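All of these numbers come straight from a predicted model, not from anything done at the bench. Lettering follows sequence order; numbering is per chain, from 1.
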There are 2 protein chains.
Amino acid sequence: MLDLMAEAEPLNPARRRAPRADAVRNREAIVEAAAEVLAEQGAAVDVREIARRSGVGMGTLYRHFPKKEDLVRTVLRRDFSQWAESARLAAVDAEDPWAALADFYQQALTGYARHRAIVENLALTWAEPDLEGIQQLRRVIERLCARATAAGLLRPGVTTDDLLLLLISLGHAVQLTDECRPHLWTRLLHISLDGLRPGHRAPLPADPDQPR
Amino acid sequence: MLDLMAEAEPLNPARRRAPRADAVRNREAIVEAAAEVLAEQGAAVDVREIARRSGVGMGTLYRHFPKKEDLVRTVLRRDFSQWAESARLAAVDAEDPWAALADFYQQALTGYARHRAIVENLALTWAEPDLEGIQQLRRVIERLCARATAAGLLRPGVTTDDLLLLLISLGHAVQLTDECRPHLWTRLLHISLDGLRPGHRAPLPADPDQPR
DNA sequence: CTTTATCCGGAGCACTTGCTCCTGTTAAAA
DNA sequence: TTTTAACAGGAGCAAGTGCTCCGGATAAAG
């Protein structure tokens with residue numbers, strides 16, 4: 001393979017010039033500004049606000065991201081991965097499977113608090129589970145669930161879906177309370193986690209969609 | 001006091017004619033249609049859609065309700081009260097304080113499921129607790145909380161705020177899952193309720209905003 | 001340096017949505 | 001029945017928002 005087409009897109013028959021330096025700078029500035037704004041105000045923000053804050057015109061923004069949703073997804077992919085990864089790391093530090101689960105929730109919800117767009121998207125994701133990112137998170141939770149169940153530390157019958165829905169649900173509580181009374185959602189987390197421990201008098205009602 | 005002004009607004013010095021029959025009919029039709037639409041699509045709905053569905057022109061709608069929010073609040077007051085009351089009734093039927101609490105949540109969340117605007121408003125209400133309706137709900141929960149605590153059936157330290165936030169948080173889960181997998185939120189409710197029972201190894205972290 | 005393909009940026013378009021205005025209509029008083 | 005004040009209803013206005021267009025600027029090739 002000749003090196004003259006090694007650095008560009010190998011699939012494109014037409015030779016593409018390298019992107020201009022200012023274009024690269026601008027693209028980064030746009031993503032950075034969009035990440036800020038999305039975290040603050042959620043996905044309903046005006047595109048002009050993103051352009052303004054990144055010091056770039058509308059034309060520039062729309063050349064890099066032809067649809068607003070392209071930009072939103074780019075930012076979300078980035079932030080979502082980073083968020084899930086840091087929650088995962090918090091979990092693997094703990095040797096006790098139960099502590100791992102608790103640390104995961106604590107870390108995930110803390111990171112949640114300041115990113116409105118992630119909350120919106122995670123909830124939306126429930127209806128569209130094929131979205132990348134949710135799968136990543138699912139795998140983390142699946143593993144935590146399996147570990148805790150194997151150790152007998154998790155209530156029998158608790159599924160990955162239960163834990164995921166709990167995360168989304170608590171995420172909503174976090175968003176409501178974190179600014180004014182952050183202790184409230186912490187208390188709710190404790191209550192929910194205790195409900196996940198084994199030893200309760202009645203088994204959970206079955207989930208017919210979960211063969212097992 | 002003479003009876004000639006007894007049926008109108010006594011505070012208004014100008015004599016007001018009785019409202020026309022068609023105006024009364026229209027007002028009711030508007031409220032009815034708005035309730036439907038708000039339940040289906042939430043408060044972000046187009047006013048034209050409400051006008052269309054109630055068979056009334058924009059002018060008529062806006063004479064009865066000068067701002068969209070006036071209409072929304074009217075509907076919300078009606079539906080919210082009715083919803084909270086039916087949840088309260090489900091609770092007083094049970095003699096056991098714990099069953100009362102469980103029945104309350106079950107009933108409230110079931111009614112929740114099909115009313116998007118109530119969910120939105122209840123969450124919004126957290127930031128603006130003076131809103132009427134939330135107080136009504138608070139009192140119901142306060143009473144349930146006191147009863148269960150007095151009977152020793154509720155985990156020590158659980159507050160009305162905890163129970164209210166749990167309701168809002170679960171409400172979000174209900175909205176996400178009720179259409180496709182309604183069993184999921186029921187399971188989450190069971191888990192949370194079990195976390196509210198006494199007998200857990202660690203006390204809840206204190207809420208500094210809750211003097212006690 | 002010159003050339004030119006690429007890029008920049010904001011004015012402006014198309015559409016939505018909350019709300020108003022105005023003309024013809026109708027219920028209720030005289 | 002006649003009169004008249006209230007009402008009905010849709011066209012239209014103003015503001016917001018996603019997106020496009022095109023003249024001017026500029027980085028990279030020759």
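Between the P atom of C/dC8 and the CZ atom of A/F65 lies a distance of 12 Å, rounded to the nearest Å. Put simply, CZ on B/R27 is 11 Å from P on D/dC7, counting in whole angstrom units. Rounded to an integer number of Å, the gap from CZ of A/R52 to P of D/dG18 is 12 Å. Put simply, CG on A/L61 is 11 Å from C1' on C/dG9, counting in whole angstrom units. Rounding to whole angstrom units, NZ of residue A/K68 and C1' of D/dT20 are separated by 17 Å. Between the CG atom of A/D46 and the C1' atom of C/dT16 there is a distance of 14 Å, rounded to whole Å. In this entry the distance linking CD of A/E49 with C1' of D/dG18 reads 15 Å, nearest Å. Between the CD1 atom of A/I50 and the C1' atom of D/dG18 there is a distance of 11 Å, rounded to whole Å.
Shown here are the salt bridge (charged side-chain N to carboxylate O under 4.0 Å, His left out) partners of A/D70, two or more places apart in sequence or in another chain: there are none. With sequence neighbours left out, the salt bridge (charged side-chain N to carboxylate O under 4.0 Å, His left out) criterion links A/R25 to no other residue. With sequence neighbours left out, B/D194 forms a salt bridge (charged side-chain N to carboxylate O under 4.0 Å, His left out) with A/R155, B/R197.
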_Could you go through B/E40 and B/R53, starting from their C-alpha distance and side-chain angles, then the distance that decides it, and tell me whether this counts as salt bridge (charged side-chain N to carboxylate O under 4.0 Å, His left out)?_
CA-CA 13 Å; B/E40 287 170 18; B/R53 214 185 279 202; 3.3 Å; yes
_Please determine whether side-chain hydrogen bond (donor to acceptor under 3.5 Å, both in side chains) holds for the pair A/Q136 and A/S81, giving the CA-CA distance in whole Å, both sets of side-chain angles, and the decisive distance to 0.1 Å._
CA-CA 8 Å; A/Q136 182 180 358; A/S81 280; 3.3 Å; yes
*Worked check of salt bridge (charged side-chain N to carboxylate O under 4.0 Å, His left out) between A/E85 and A/R88*: CA-CA 5 Å; A/E85 179 62 13; A/R88 188 183 70 78; 2.7 Å; yes
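Both B/V47 and A/G55 sit near DNA chain C, but only A/G55 has its closest nucleotide nearer the 5' end.
Out of C/dC8, C/dG18, D/dC19, the shortest distance to the side chain of A/A23 is found at C/dC8. Of all nucleotides listed (C/dC7, D/dT17, D/dA8), D/dA8 comes nearest to the side chain of B/H64. Side-chain proximity of B/R63 to C/dG9, D/dC7, C/dG18: nearest is D/dC7.
Among all heavy-atom pairs drawn from A/L38 and A/V72, the shortest one is CD1-CA, 4.2 Å. Considering all non-hydrogen atoms of both residues, B/A33 and B/S54 come closest at CB-CB, 3.6 Å. Considering every non-hydrogen atom in both A/R147 and A/A100, the closest pair reads NH1-CB, 3.9 Å.
For D/dA8, the OP1/OP2 oxygens have a side-chain nitrogen or oxygen of B/N26 closer than 4.0 Å. Applying the 4.0 Å criterion to OP1 and OP2 of C/dC19, one finds that B/Y62 has a side-chain N or O inside that range. Under 4.0 angstrom from either OP1 or OP2 of D/dC7 there lies no side-chain N or O belonging to B/T60.
Residue pairs meeting the ring pair (Phe, Tyr, Trp, His ring centres under 6.0 Å) criterion with at least one member in residues 46-92 of chain B, sequence neighbours excluded, are B/F80-B/W83, B/W83-B/Y112.
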Restricting to nitrogen or oxygen on both sides, can you table the protein-nucleotides 11-14 of chain C pairs closer than 3.5 Å?
from: C/dG12; atom 1: O6; to: A/R48; atom 2: NH2; distance (Å): 3.3

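Contacts of A/V45 with the nucleic acid, taken as non-hydrogen atoms under 4.0 Å apart, involve only primed sugar atoms and P, OP1 or OP2.
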*What string of B, S and - do you get for nucleotides 23-30 of chain C 5' to 3' if you count protein non-hydrogen atoms under 4.0 Å?*
---BSS--
